[in-house]
Amino acid sequence: MAQSAPKLSGEISVSGLVTLNGVSAVSGATVLDGGRVKTGRGASAVVSLGRMGQVELGAESELVLKVEEGRVGGQLRAGRAVVSAPAGV
């Protein structure tokens, strides 16, 4: 039986009301590929992806994170996101 590659993940830091996959998020929680992060009014979140960089979400934002080997992206459904990644990612 073939083993699937482990999903890439990051760690979230939150300020204010933030949900991860529909559940209230706390700083230090793990965000997997495909995770949905949503920030409330006046809230923000940063998903740290190690050597892949980080994604910052502003208030009233929603992002479905997509992390693949060598790529960081996702679907921004609302609000504002800033992706910081080293060259080549």
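Heads up: numbering here begins at 1 and tracks the sequence. For clarity, every value in this text was computed on a predicted model and none was experimentally measured.
Using modelled atom types, one side-chain atom of S61 and one backbone atom of R80 make a donor-acceptor pair closer than 3.5 Å. Put simply, the side chain of T39 never gets that close to the backbone of V18: no donor and acceptor are under 3.5 Å apart.
In this structure, OG on S24 lies 13.0 Å from NZ on K38, to the nearest 0.5 angstrom. Separating the CG atom in L20 from the OG1 atom in T30 is a distance of 9.0 Å, to the nearest 0.5 Å.
Residues K66 and D33 meet the side-chain proximity criterion, which asks for heavy atoms closer than 4.5 Å. For the pair L49/L65, a side-chain contact is recorded, criterion being any heavy-atom separation below 4.5 Å from C-beta on. Side-chain atoms of V55 and V82, non-hydrogen and from C-beta on, never get closer than 4.5 Å to each other.
Here L17 pairs with nothing under the side chain to side chain contact (heavy atoms under 4.5 Å, CB included) rule; sequence neighbours left out. Applying the side chain to side chain contact (heavy atoms under 4.5 Å, CB included) rule to S15 yields the partners S44; only residues at least two apart in sequence or on another chain are considered. Taking the salt bridge (Lys or Arg N to Asp or Glu O under 4.0 Å) definition, one finds that R36 meets it with E62, sequence neighbours left out. Listed by chain and number, the residues in a side chain to side chain donor-acceptor pair (under 3.5 Å) with E68 amount to none (sequence neighbours excluded).
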**Request:** Go through R77 and L63 one step at a time and tell me if the side chain to side chain contact (heavy atoms under 4.5 Å, CB included) criterion holds.
**Result:** CA-CA 6 Å; R77 295 183 173 175; L63 174 76; over 6 Å; no
**Message:** Is there a side chain to side chain contact (heavy atoms under 4.5 Å, CB included) between V46 and Q54? Walk through the geometry before answering.
**Reply:** CA-CA 7 Å; V46 177; Q54 67 180 24; 3.7 Å; yes
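Residues R41 and A59 share a closest heavy-atom pair of C-CB, 4.4 Å. Across every non-hydrogen atom of I12 and V37, the tightest pair is CD1-CG1, 3.8 Å. Shortest non-hydrogen contact noted between G35 and N21 is CA-OD1, 3.4 Å. Here the closest non-hydrogen pair linking V64 and G34 is CG1-O, 3.7 Å. The shortest heavy-atom contact between P86 and R51 is CG-O, 3.2 Å.
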